[in-house]
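Everything on this sheet refers to the single structure shown next.
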Amino acid sequence: MEDCLFCKIIKKEIESQIVFENESVIAFKDINPQAPVHILIVPKEHFTSFLDVSYADTQLVIDIFQAAKKIAQKEGIAEKGFRFAVNVGDEGGQIIKHLHFHLLGGRQLSGSLG
Ligand code: 5GP
Ligand code: ZN
């Protein structure tokens, strides 16, 4: 989608530190990390938010979860634990309107999500 920052990152028009990529998913380091490991896992297809995902996208959802698992293992945070989170809409704290999942780890994360 034009004028979408993450679509531009996917097309490599904007630089990012890519840690994983396959046909359907790309993952890159967050530019403003909130933890020692902070990676964004992003479907290559443009979905504005989580609310746009339907049963037709079942394989994509599996791909995203598999990517998260692989990256967590590769980054060495799988054993100790991590957070896998998605922000939805304005009150959910979603700033970039292209669906993405945050993979956070490498420090003790607070129990509160607020
Ligand atoms: P949201 O608040 O939409 O769930 O998260 C958007 C995330 O994208 C933020 O954590 C922010 O730091 C990250 N971000 C924003 N712009 C860029 C960018 O140009 N490159 C990268 N790698 N991350 C970005
Ligand atoms: Zn997009």
Side-chain angles (χ1 to χ4, degrees):
M1 204 196 187
E2 262 177 62
D3 291 333
C4 169
L5 178 68
F6 283 1
C7 282
K8 286 180 183 162
I9 287 178
I10 291 159
K11 287 188 264 175
K12 318 262 164 78
E13 290 170 9
I14 291 176
E15 248 183 75
S16 68
Q17 288 183 272
I18 296 167
V19 298
F20 175 91
E21 184 170 12
N22 66 16
E23 261 182 34
S24 57
V25 175
I26 192 166
F28 49 86
K29 293 187 180 178
D30 195 293
I31 207 167
N32 182 24
Q34 304 299 307
V37 177
H38 187 172
I39 290 163
L40 301 173
I41 301 176
V42 183
K44 286 187 173 176
E45 187 179 341
H46 181 93
F47 294 86
T48 301
S49 94
F50 184 82
L51 296 175
D52 291 345
V53 177
S54 74
Y55 269 112
D57 309 307
T58 302
Q59 185 59 50
L60 176 64
V61 174
I62 294 168
D63 292 347
I64 289 168
F65 276 73
Q66 285 301 318
K69 193 170 123 177
K70 271 191 205 159
I71 295 162
Q73 286 165 341
K74 199 169 122 200
E75 296 286 332
I77 58 171
E79 292 290 314
K80 282 192 165 175
F82 56 90
R83 182 165 295 153
F84 187 51
V86 55
N87 298 328
V88 183
D90 293 337
E91 287 201 3
Q94 183 183 5
I95 292 163
I96 307 286
K97 306 298 191 210
H98 179 131
L99 175 64
H100 55 279
F101 294 74
H102 295 258
L103 181 71
L104 292 148
R107 67 167 170 83
Q108 179 62 54
L109 298 167
S110 103
S112 157
L113 290 171

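Residues take their numbers from the sequence shown, with the count starting at 1. Each ligand, and each atom within it, is numbered from 1 in the order the structure gives.
Among all non-hydrogen protein atoms, the one lying nearest atom 2 (O) of ligand 1 is Gly93 O, 2.8 Å. The nearest protein atom to atom 16 (N) of ligand 1, hydrogens excluded, is given as Leu5 CD2, 3.4 Å; this is a heavy-atom distance. Of the protein's non-hydrogen atoms, Ile95 N, 2.7 Å is the one closest to atom 3 (O) of ligand 1.
In Glu91, the CD atom is not crowded: 12 or fewer heavy atoms of neighbouring residues, nucleotides or ligands sit closer than 6.0 Å. Applying the 6.0 Å contact sphere to NZ of Lys8 captures more than 12 heavy atoms from other residues, nucleotides or ligands. With a 6.0 Å radius and a threshold of 12 heavy atoms from other residues, nucleotides or ligands, Phe50 has its CZ atom at or below the threshold.
Rounding to the nearest 0.5 angstrom, the gap separating the CG atom in Leu40 from the CD1 atom in Ile71 is 10.0 Å.
Remark: ligand 1 atoms within the under-4.0 Å shell around heavy atoms of Phe28 are 22 (N). Ligand 1 places these atoms under 4.0 Å from at least one heavy atom of Phe6: 8 (O). For ligand 1, the atoms lying closer than 4.0 Å to a non-hydrogen atom of Asn87 are 1 (P), 2 (O), 4 (O).
Nearest residue to atom 14 (N) of ligand 1 from Leu99, Leu104, Ile31 is Ile31 (criterion: closest heavy atom). Around atom 11 (C) of ligand 1, the closest heavy atom drawn from Ile18, Asn32, Ile39, Asp30 belongs to Asp30. Atom 22 (N) of ligand 1 has its nearest heavy-atom neighbour, among His38, Gln34, Lys29, His102, in Lys29.
Counting just the N/O/S atoms of His98, the one with the shortest distance to the Zn ion (ligand 2) is named ND1. For His46, the N, O or S atom with the smallest separation from the Zn ion (ligand 2) is ND1.
Judged by distance alone, the side chains of Gln94 and Asp90 never bring a donor and an acceptor atom under 3.5 Å apart.
For the pair His100 and ligand 1, a heavy-atom separation below 4.0 Å is found.
Note: an N/O pair closer than 3.5 Å links Ile96 and ligand 1 by distance alone.
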